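Please read all numbers here as calculations on a predicted model, not as lab measurements. Residue numbers start from 1 in every chain, and the chains themselves are labelled A, B, ... in the order their sequence lines are given, proteins ahead of strands.
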Amino acid sequence: MSSKNSMNANKNFNKEASPQSKTKKLKKKLGPQWTKDELERFYEAYQKHGRDWKKVAASVENNRSVDMVEALFSMNQPYLSLPEASVDGLAAIMTAHYSLFEESESKGEGHDASGVTRGFPIKKLHDAEDLDKQCTLILTEGDSAKHLVMAGLSSLQRKTYGVYPLQGKLLNVRIASQKSIKKNRELQNIKTIIGLKDETSYTTTDSLRYKHVMVMTDQDEDGVHIKGLLINFFHHKWPQLLKLNPPFLSEFRTPIVKVKNRNGVEAKSFYSMAEYSEWKEQQEDNLSKWETTHYKGLGTHTSEEGCEYFKHIDNHKRVFVCDDDKDHGEAIDGAFNANSKYRKEMLENFDPNSHHHETEARQITFTDFIEKDLASFFMANMKRSVPSMLDGLKPGQRKILHCLLKRSSNEDIKVSQVSALVLTHCDYYHSEKALNNTIIKMAQQHVGSNNLPLLQSLGQFGTRIAGGQDAADPRYLRTKLSQETRILFPKEDDKYADAHTGSLNDEDRKNTEPTPYYPIVPMVLVNGCRGIASGWSTFIPNYKLKDVISNVERLLNDEKTEPMDPWYEGFEGTITKDGENRYKTFGRLEESSGNAETRLVTELPIEVWTNNYVSSLDKGKENRGKVSAFIENYLDRSNDTTVSIQIELKKTEKKMTPEEEKEILGLTTMLSTGNMYLFDENDMIKKYESPQEIIEDFYEARLKAYDKRKVAKFSYLS
DNA sequence: CTGAAGGCTAC
DNA sequence: TCTCGTAGCCTTCAG
């Protein structure tokens, strides 16, 4: 009971004598959500499970209450400290808690900023000591960056700087529902820390605990994205805030490259690769006199460097400003709204060379930030999410294949060790976890995943039961190249992929960024692909290897290619064309012998997983009107590879065709071929209208590669 | 018409 | 140690 609010509420609450009026008051405060009964159950559950709200909610066993439990727990947790007291005490806390919740939602009446005084317990917040002064809240990307700030701030600075670490990507409030904004703890905490209220127009920051916000992220594209999401949050909820002068928002930049003269006297810092490259070109022969250090994330900087940065904080600070001629709302909205049009246009006009972080610039307009800095994230997001037409691989996947192809033997290796290989030999600056996931996905072979996995799955790589999400931990999994991989990706072509690294001659970056491979057939059609980027997403279904080969052979024979339909290895249902760019997939439904109402499901449509399907048969509240409405009962006898679900249909007068039965039983899905985007031979994004078009494009490029190979092989003749 | 959910590489 | 949040696009489907 550390909170002032809770205590007040408790006092008020105790004034009410009878248990009935207590419940009444609660009902008034909490809306229709809670009965005394539910409170008691909640109290028990809370004692048992603590802050594990999912378990608590499950124990409460009431859908209305589940929402409330969730809402309560997503508030500032420290307020919810359970006293020794009983249900009544709990009720008091919840009352207080909920009123806080309500106030933050309502017009802000009755809730003065002093209700949130210094030292209030938000986990991981380091509050400024002297909030009466003009204080700045530093929002960092992750905990380790917070530690760098804490190490760097002088004792004087600690009076006026608060620090709060952000975890991962911030919610995009422009497209999020009210409900998800409310329950997003990160945003609610930021609001509480700064003292911002909804529906308030700020022409001054007088009422705020912090007068300025400074964001400090890694100096990479994802860091830029996080800055953008934060700008988006403030702009969407309090647009006036960003127009204030002096500016409300700023960023703290750290160098990504530092060079030190080997005689130890001179040193220089760079805030962008463009800037560094420019300097490097000017050095020519003098380059060897300099010692270079690259900084990958904020965690790479030492505490001493942290101190150095904050000693000269003004050199690192860049403020976000509006210039009055422009409507910056348009750019911010375009970057984060639900329509990808603006982002498409921005990427189509994107010129990587115009993207310069000028070290000396101490301010940047929001529009410049979006169109220059943020556009580089959109581009990076495209590059890592959309595969190449040539090898059908995204850069992460390609690096995995690259490392395995380069190994001297093809012995089993742990998935986690493959990741380690990639981190050692390639430029990969992202999380190992994502890499492990990618390896697992490349090796999966359940129906609906790869037709021809390039990697073998030695261990539990996931099954159709849970769509592959039931894979074991990477440290238990082993893999190696599949038998076919070397045939599809001939050794003779390797050097065309890894000769170009863009950095082999760069003494700072010795690792490789392999360019696309040239498999002998367009593998992107065999295993399909899907990716979600910025501006575009892509989806290509799986096709049959033999069909692909036949079409390649037709081209070799100067014949025309023939249309192809999607095909999935091991799939026992059917796939039929259902209009232009659409295919319909059907599971398999058999009539059990003897009983007119009994059916046996022996195959599910593509990308429907056994677990999901079976739970759709349950008669829960959330399934009303769905499949479960048509069935009496079911029995699931499926295993990890086969589907066998016995269904007892409800008796109806109407006789249904097998197709109609599949329809109402949820045994169909759609595959679209209308969103097939790939990077083409020239590394340009291209929309493909048909699999044939992909094969034809591939064919041209592949022929050129054969030519290159021939020239290289016989070069000694000339 | 709106909202939610699934898929996937990233923080 | 493990589970869980967030982005981004497009499609489908329920309400």
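- When the P atom of C:dT6 is taken as reference, atom NZ of A:Lys227 falls 23 Å away, rounded to whole Å.
- A search for ring-ring contact (aromatic ring centres under 6.0 Å, His included) contacts involving A:Phe234 returns A:Phe248, not counting sequence neighbours.
- With a 6.0 Å cutoff to the six-membered ring centre and a 45° limit on the axis angle, A:Arg174 does not count as a cation-pi contact of A:Phe336.
- If you check every strand for non-hydrogen atoms under 4.0 Å, A:Phe336 touches sugar and phosphate atoms only.
- No side-chain heavy atom of A:Met676 sits less than 4.5 Å from a side-chain heavy atom of A:Lys687.
- Between A:His446 and A:Phe461 there is no side-chain heavy-atom pair separated by less than 4.5 Å.
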Candidate pair A:Asn542 and A:Trp567, rule side chain to side chain contact (heavy atoms under 4.5 Å, CB included), full reasoning: CA-CA 6 Å; A:Asn542 293 13; A:Trp567 182 89; over 6 Å; no
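- When rounded to the nearest whole Å, the span between CG of A:Asn581 and C1' of C:dT12 equals 16 Å.
- Among the nucleotides C:dG8, C:dT6, C:dC10, the one closest to the side chain of A:Asn184 is C:dT6.
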Show each protein N/O and nucleotides 7-11 of chain B N/O combination with a separation under 3.5 Å, one pair to a line.
| from | atom 1 | to | atom 2 | distance (Å) |
| --- | --- | --- | --- | --- |
| B:dG7 | OP1 | A:Trp609 | NE1 | 2.5 |
| B:dA10 | OP2 | A:Tyr428 | OH | 3.1 |
| B:dA10 | O3' | A:His430 | ND1 | 3.1 |
| B:dC11 | OP1 | A:His430 | ND1 | 2.7 |
| B:dC11 | OP2 | A:Ser431 | N | 2.9 |
| B:dC11 | O3' | A:Glu141 | OE2 | 2.5 |
| B:dC11 | O2 | A:Lys169 | N | 3.4 |

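- Per the geometry, OH belonging to A:Tyr613 stands 18 Å off C1' belonging to B:dG6, to the nearest Å.
- The separation between A:Leu347 atom CG and C:dG8 atom P is 12 Å, rounded to whole Å.
- Using a 4.0 Å heavy-atom cutoff across all strands shown, A:Lys584 reaches no nucleic acid atom at all.
- Two residues, A:Asn675 and A:Thr668, neighbour DNA chain C, and the one matched to the more 5' nucleotide by heavy-atom proximity is A:Asn675.
- Using a 4.0 Å cut-off, no side-chain N or O of A:His225 falls inside it from OP1 or OP2 of C:dT6.
- Taking atom CD1 of A:Ile190 as the reference point, atom C1' of C:dT6 lies 12 Å away to the nearest angstrom.
- Counting non-hydrogen atoms under 4.0 angstrom, A:Arg475 reaches the backbone sugars and phosphates but no base.
- Counting to the nearest Å, the P atom of C:dC4 and the CD atom of A:Glu186 are 18 Å from each other.
- Distance check on atom P: B:dC8 versus C:dC2 gives 23 Å, rounded to whole Å.
- Note: CD1 (A:Ile606) to P (C:dT12) measures 16 Å, nearest angstrom.
- For the pair A:Arg478 and A:Val415, the minimum side-chain heavy-atom distance is 4.5 Å or more.
- A side-chain hydrogen bond (donor to acceptor under 3.5 Å, both in side chains) check over residues 389-398 of chain A, counting only residues at least two apart or in different chains, returns the pairs A:Asp391-A:Arg398.
- Protein atom NZ of A:Lys183 is 12 Å distant from nucleotide atom C1' of C:dC4, rounded to whole Å.
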